[in-house]
Asker: 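Handing you this structure, nothing more for now.
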Protein chains: 2
Amino acid sequence: MISNTTFSALADPNRLRILDLLANGLLSVGEIAKRLQLRQPQASKHLRVLLEAGPVKVEAESNRRNYKLRIEPLKELDTWLEGYRQIWNERYDNLELYLKQLQEMPKNHQN
Amino acid sequence: MISNTTFSALADPNRLRILDLLANGLLSVGEIAKRLQLRQPQASKHLRVLLEAGPVKVEAESNRRNYKLRIEPLKELDTWLEGYRQIWNERYDNLELYLKQLQEMPKNHQN
DNA sequence: GTTATATATTCCTTGACAGGAATATTCCCA
DNA sequence: TGGGAATATTCCTGTCAAGGAATATATAAC
């Protein structure tokens, strides 16, 4: 079972945007704040949430702190989704089967 | 871009559990409350959140209301994840490549 | 129609969280 | 060692969401 902390961390538009930024490579706090038009403290605060929840890691480089994506929590999300993917495939299969049966049914039996 | 409302709806342990229950088929409010040891009003309230956020739908049957999974928002989640899946595959590919190069490298060049 | 059952809604209180502003901390460099 | 740049933290305030309790609504059964 996936924990809800991952979802909580992503339940904020700015943090979602941060992840999308980091998908293209590591960034410093200042860069993130600049690109998202956030004030630096808010950027730091959001990054802290992401850091503690998991989907981000940090690496100090002199007085910069470079944040990177941490892919594991997203993999967990993927794993969690797996169970539901089965459901929608199942349903799709049923629809396919239904359409096939409909096609094979003689026209005069289609009411 | 996925909206954060889906994540918000899932950012609660009880709602996650509700989804997991509904993955096995439709359930009435009372059943959900009972299985999750929730009071009925709280169950209703969580279901309302899920209903408005998307991942659940409802069907009235006499004085019961049967809630079902609505798979579309989870598909959206899946689509959103797709971008990140590319990242982890990419990294995996790089690792594979690295290991391959390592293998092909003559032993006396491995420092 | 009255009663029971299932569900939804309202009101209240409390706790968590986001943003703003100010300040603290850390590290580099001269 | 002092100053500046980058980042983190603290304090404050307003908003929102969750749970509890009580109540309203709807449907079935008699």
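We name chains A, B, ... by the order of the sequence lines, and we start the count at 1 in each one.
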Asker: Write down the distance between CG (A/Leu36) and P (C/dG19), rounded to a whole number of angstrom.
Answerer: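 In whole Å, C/dG19 P and A/Leu36 CG are 11 Å from each other.
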Asker: State, without any angle test, whether B/Asn66 and B/Glu59 hold a side-chain donor-acceptor pair at a distance under 3.5 Å.
Answerer: no
Asker: Give the rounded distance in Å between these two atoms: CG of B/Leu51 and C1' of C/dT9.
Answerer: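 In whole Å, C/dT9 C1' lies 15 Å from B/Leu51 CG.
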Asker: Roughly, in whole Å, what's the span from CD in A/Glu61 to P in C/dT26?
Answerer: 19 Å
Asker: Out of C/dA18, D/dG20, C/dA8, which nucleotide sits closest to the side chain of B/Pro41?
Answerer: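 Selected nucleotide (nearest to the side chain): C/dA8.
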Asker: I want to check one thing: is the phosphate of C/dC17, taken as OP1 and OP2, less than 4.0 Å away from some side-chain N or O of A/His46?
Answerer: no
Asker: Looking only at the side chain of B/Lys45 (C-beta and beyond, no hydrogens), which of the listed nucleotides C/dC28, D/dG19, C/dA21 gets closest?
Answerer: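 Nearest to the side-chain atoms of B/Lys45, counting from C-beta on, is D/dG19.
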Asker: Quick check on the hydrophobic clustering: are B/Leu38 and B/Leu10 connected, directly or via other members, by side-chain heavy-atom contacts under 4.5 Å?
Answerer: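 Same hydrophobic cluster.
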Asker: Please state how far atom NZ in B/Lys34 lies from atom P in C/dA6, giving the value in whole angstrom units.
Answerer: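 Going from B/Lys34 (NZ) to C/dA6 (P), I get 11 Å.
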Asker: Is there a side chain to side chain donor-acceptor pair (under 3.5 Å) between B/Tyr84 and A/Asp20? Walk through the geometry before answering.
Answerer: CA-CA 9 Å; B/Tyr84 294 91; A/Asp20 282 342; 2.5 Å; yes
Asker: Taking it one step at a time, do A/Lys75 and A/Glu72 satisfy salt bridge (charged side-chain N to carboxylate O under 4.0 Å, His left out)?
Answerer: CA-CA 5 Å; A/Lys75 283 194 191 178; A/Glu72 285 75 11; 5.7 Å; no
Asker: To the nearest Å, give me how far apart CD (A/Glu52) and C1' (C/dA16) are.
Answerer: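 One finds 14 Å between C1' of C/dA16 and CD of A/Glu52, rounded.
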Asker: Mapping B/Arg48 and A/Arg15 onto DNA chain C by nearest heavy atom, which one lands closer to the 5' end?
Answerer: B/Arg48
Asker: Tell me whether the rings of A/Phe7 and A/Trp80 are parallel (<30°), tilted (30 to 60°) or perpendicular (>60°).
Answerer: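 Judged by the thresholds at 30° and 60°, the geometry between A/Phe7 and A/Trp80 is perpendicular.
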Asker: Measure CG/A/Asn14 against P/C/dC17 and give the value in whole Å, please.
Answerer: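 Rounded to whole Å, this separation is 16 Å.
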Asker: Measure CG/B/Leu50 against C1'/C/dA8 and give the value in whole Å, please.
Answerer: 15 Å
Asker: Please check if atom CD in A/Gln37 has more than 12 non-hydrogen atoms from other residues, nucleotides or ligands closer than 6.0 Å.
Answerer: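 Counting neighbours around CD of A/Gln37, 12 or fewer heavy atoms of other residues, nucleotides or ligands fall under 6.0 Å, so no.
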Asker: Let me know the distance between CG of A/Leu38 and C1' of D/dA8, rounded to the nearest Å.
Answerer: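 Atom CG in A/Leu38 sits about 15 Å away from atom C1' in D/dA8.
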Asker: Using the 3.5 Å cut-off, write out each protein N or O paired with an N or O of nucleotides 3-7 of chain D and the distance between them.
Answerer:
{"residue": "D/dA6", "atom": "O4'", "partner": "A/Asn63", "partner atom": "ND2", "Å": "3.4"}
{"residue": "D/dT7", "atom": "OP1", "partner": "A/Val29", "partner atom": "N", "Å": "3.3"}
{"residue": "D/dT7", "atom": "OP1", "partner": "A/Arg65", "partner atom": "N", "Å": "3.4"}
{"residue": "D/dT7", "atom": "OP2", "partner": "A/Gly30", "partner atom": "N", "Å": "2.7"}

Asker: Quick one: does any side-chain atom of A/Asn89 pair with a main-chain N or O of A/Arg85 as donor and acceptor, under 3.5 Å?
Answerer: yes
